[in-house]
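Computed from a predicted model, the values in this text were never measured in an experiment.
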Amino acid sequence: MTGTFLGMPAFPQAAAAALRDGRLRANLRHATHTIRDKRARAVAELDDWAELRAAGKAIKDHTLRHLDRYLVQLEEAVAAAGGAVHWAADAEEANRIVADLVHATGETEVVKVKSMATQEIGLNEALAAEGITAYETDLAELIVQLGDDRPSHILVPAIHRNRAEIREIFAERMAAWGRPAPADLTDSPAELAEAARLHLREKFLRARVAVSGANFMVAETGTLVVVESEGNGRMCLTLPRTLISVVGIEKVVPTWRDLEVFLQLLPRSSTAERMNPYTSLWTGLGPSKGADGDGPSAFHLVLLDNGRTTALADQVGRQALRCIRCSACLNVCPVYERAGGHAYGSVYPGPIGAILTPQLRGITSPVDASLPYASSLCGACYEVCPVAIDIPEVLVHLRERVAEQGGHPLERAAIAAAGYLFDHPAALAAAERLAGRTRALHPRRLPGPGRAWTDTRDLPQVPAEPFRDWWRRNRS
C-alpha cells in the first residue's frame with residue numbers, strides 16, 4: 001500500500017484525539033445505528049440467510065485456493081472480449097500503468113467511480129503528480145475531495161460529516177473544482193444532492209477517460225460488476241471513450257452462478273436494500289467496436305496485487321481476502337463508533353481494516369502494528385459478516401505476529417516472569433500471597449510501557465487473600 005496515511009499516530013493516540021470530538025462521535029453514532037438497524041431488518045427477511053452466508057464463504061475460499069487458475073481464465077476472457085489486461089505487483093506499478101494509459105489518450109482529466117483499490121494505492125495523488133486531475137463522482141467521495149479530507153467509512157466515506165458541514169464545504173469549495181454551488185444553498189438533502197448533480201454533470205459530459213474499480217469479476221466471461229446507489233458510476237462507465245478499471249486480484253469469482261450469491265449478500269449487508277438500484281456489468285468492449293459505438297472504445301483492466309499474495313500465504317489471515325466491502329462490521333463495532341475511521345490510518349477502517357491493512361502493508365510501522373489491538377474482541381463483526389470472516393481470530397493471530405517482533409525490554413521481562421509463574425504453581429501461590437499482603441503499597445498506575453494501559457483504566461486492586469487459599473479454607 002502507499003504511504004498516504006502513514007505518518008499518522010498509532011491507533012491509541014489517534015483514537016484518543018477522536019474521542020474528544022463530540023460532534024464526530026454524535027455523527028458516527030447516529031449514522032452507524034441507523035444503518036445497522038436497517039440492515040438487520042433486511043437480513044431478517046430471508047429465511048436462508050445463514051445458507052447464503054455459508055455459500056459466500058465457500059465460494060470465496062474455493063476461489064482463493066485456485067486463484068492463479070481463475071485469474072488466468074479471467075485474463076483470457078477479457079482479452080477475447082476486446083479488453084487489455086495489465087498486472088501490477090504494487091501501488092507504484094499500478095499508478096504508473098494508469099498514468100501512462102491516460103497520457104496515451106492525450107487527456108488531462110479523468111472521472112472516477114467510487115473505488116477502494118484506487119484509494120489504497122493513492123491514485124489521485126499519483127495522477128496529480130503527472131498533471132492529471134481526477135474527479136470523484138460518488139456523492140460522499142465528492143464531499144471528501146472538496147473538503148480536502150480523507151474517507152472514514154467503506155460505504156459512506158463522509159459519514160463523519162453532517163448536513164451543515166457538507167453545505168459549508170459545497171459553498172466554499174465547489175467553485176474551485178468546477179460549477180459553483182448556488183448562492184442560496186441550504187443544508188436540505190434535496191438541495192445538496194441537486195448542487196452535486198449539477199456540479200458533476202458538466203464533468204460527465206466533458207470527460208473522455210474514466211477510472212473505476214469493481215465489486216466482482218467473473219472469470220468465465222471476463223465480466224466486471226459495479227454495484228451502486230446513485231447512478232454516477234454508470235455515467236462514468238458509459239460516457240467516456242476510455243475506461244480503466246483497477247481491481248484487486250481477490251475480487252474474482254468463478255462463474256455467473258457464484259455471482260448470484262453475492263448479489264444477494266452485498267446489498268442487504270451494505271445498504272440494507274434487496275438489490276442495488278444500479279448494477280452495472282460490462283464484458284470487454286461490449287457492443288462498442290469503434291468510435292461510434294455505445295460505451296468505451298478502449299477498456300483496460302489493471303489487476304492489483306499490492307500485498308494480496310502475501311496475505312494469501314497466511315493460512316489464518318487469508319480469510320480477510322473474502323471481504324466484499326459491505327462495511328457491516330464497521331456499523332456494529334463499538335470501537336469504530338467511538339473512534340471513527342481516520343484513527344485507523346488507512347483507507348480500510350474498522351474491524352476489517354484492522355486485519356486487512358496490516359497484511360497488505362506489513363506490521364513494521366507503529367500505525368500498522370497497533371491496528372490488531374484496535375478491537376475489544378466482542379465478536380459482533382464476525383456475527384454480521386456476510387462471508388463469515390472470523391475477524392477476532394485474525395486479530396489474535398496478528399497480535400501474536402506483532403508480539404514476535406519484540407516489545408519494550410520491561411514488557412518482555414514481565415511476560416517472561418508471568419510465563420515462569422504460570423508454569424510453577426508453588427511459585428504462583430507464593431507470589432499471590434505476597435501481592436495480597438503488600439497491596440496497600442501498590443501504585444495506582446503502572447510504570448514504563450504499562451502506563452499506557454492505566455492511562456485509560458483503573459489498575460485492578462489485588463484481593464487480600466488469594467482465591468485458592470479462600471477455597472481451601474472454606475470448601476476443603
Passes side chain to side chain contact (heavy atoms under 4.5 Å, CB included), H160 versus D21? Steps please.
CA-CA 11 Å; H160 56 290; D21 188 336; over 6 Å; no
Check the pair R41 / D37 against salt bridge (Lys or Arg N to Asp or Glu O under 4.0 Å), numbers first and verdict last.
CA-CA 7 Å; R41 291 193 294 271; D37 290 346; 5.5 Å; no
Is there a side chain to side chain contact (heavy atoms under 4.5 Å, CB included) between Q359 and T310? Walk through the geometry before answering.
CA-CA 7 Å; Q359 295 191 81; T310 301; over 6 Å; no
Side chain to side chain contact (heavy atoms under 4.5 Å, CB included) evaluation trace for I97 with H300:
CA-CA 10 Å; I97 290 169; H300 299 270; over 6 Å; no
Carefully, step by step, assess E165 and R23 under the rule salt bridge (Lys or Arg N to Asp or Glu O under 4.0 Å).
CA-CA 11 Å; E165 293 175 287; R23 182 166 63 175; 3.2 Å; yes
Using the side chain to side chain contact (heavy atoms under 4.5 Å, CB included) rule, take L200 and M235 through it: C-alpha gap first, then chi angles, then the decisive distance, then the call.
CA-CA 10 Å; L200 291 171; M235 299 284 278; over 6 Å; no
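Between F299 and W282, the ring planes lie perpendicular to each other; the angle is over 60°, past the 30° to 60° tilted range.
The heavy-atom pair separating L371 from P358 by the smallest distance is CB-CG, 3.9 Å. Among all heavy-atom pairs drawn from A403 and Y373, the shortest one is N-OH, 4.4 Å. Here the shortest heavy-atom pairing between D368 and G362 reads CB-O, 3.1 Å. Closest approach of A196 to L139, counting heavy atoms only: CB-CD1, 3.5 Å. Considering all non-hydrogen atoms of both residues, C329 and I391 come closest at CB-CD1, 4.2 Å. Minimum heavy-atom separation, V394 to G317: CG1-CA, 4.0 Å.
Inspection of the S270 and S327 side chains reveals no N or O donor paired with an N or O acceptor under 3.5 Å. In this model, a donor atom of one side chain and an acceptor atom of the other lie less than 3.5 Å apart for K112 and T118. A donor and an acceptor atom, one from each side chain of H397 and D314, are located under 3.5 Å apart. For the 3.5 Å distance criterion, the side chains of E273 and T271 qualify, holding a donor opposite an acceptor. Between the side chains of E230 and Y278, no donor-acceptor pair of N or O atoms lies under 3.5 Å. Residues E337 and H33 have side chains that bring a donor and an acceptor to within less than 3.5 angstrom of each other.
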Contacts table for residues 68-85: side-chain donor-acceptor under 3.5 angstrom, sequence neighbours left out:
unit_1: Y70; atom_1: OH; unit_2: H62; atom_2: NE2; d: 2.7
unit_1: E75; atom_1: OE2; unit_2: W87; atom_2: NE1; d: 3.1

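Note that CG of L205 and CG of L239 are 6.5 Å apart. Values are rounded to the nearest 0.5 Å. Atom NE2 of H103 sits about 4.0 Å away from atom CD1 of I132, to the nearest 0.5 Å. The distance from the CG atom of L155 to the OG atom of S229 is 7.0 Å, given to the nearest 0.5 Å. Note that the SG atom of C326 and the CG atom of L265 stand 9.0 Å from one another [nearest 0.5 Å]. One finds the CD atom of Q145 at 6.0 Å from the CG atom of N124 (value rounded to the nearest 0.5 Å).
Summarising the local packing, CZ of R274 is surrounded by 12 or fewer heavy atoms from other residues, nucleotides or ligands at distances under 6.0 Å. Residue E45 places its CD atom among more than 12 non-hydrogen atoms of other residues, nucleotides or ligands, all under 6.0 Å distant. A 6.0 Å sphere centred on CG of D48 holds more than 12 heavy atoms belonging to other residues, nucleotides or ligands. Within a 6.0 Å radius of CD in E260, other residues, nucleotides and ligands contribute more than 12 heavy atoms.
Using a 4.5 Å cut-off on side-chain heavy atoms (C-beta onward), L52 and V261 make contact. Inter-residue side-chain proximity for I143 and F170 is flagged as met; some heavy-atom pair is nearer than 4.5 Å.
Salt bridge status for E194 with R197: present, with a side-chain N to carboxylate O gap under 4.0 Å. The pair E109-R206 meets the salt-bridge criterion, with a side-chain N (NZ, NE, NH1 or NH2) lying under 4.0 Å from an Asp/Glu carboxylate O. Here E120 does not pair with R325 in a salt bridge; the nearest charged N to carboxylate O distance is not below 4.0 Å.
In this structure, R322 forms no cation-pi arrangement with Y382, as its terminal cationic atom is not both closer than 6.0 Å to the ring centre and no more than 45° off the ring axis.
Applying the side-chain contact (heavy atoms from CB on, under 4.5 Å) test between I159 and each of I154, T32, L330 identifies T32 as the sole match. Evaluated for a salt bridge (charged side-chain N to carboxylate O under 4.0 Å, His left out) with E250, the options R318, R308, K60 yield exactly one hit, R308.
Residues satisfying the ring pair (Phe, Tyr, Trp, His ring centres under 6.0 Å) test with H153, not counting sequence neighbours, are Y336.
Counting only distance, with no hydrogens or angles, the side chain of H342 and the backbone of R150 share a donor-acceptor pair below 3.5 Å. Counting only distance, with no hydrogens or angles, the side chain of S370 and the backbone of F11 share a donor-acceptor pair below 3.5 Å.
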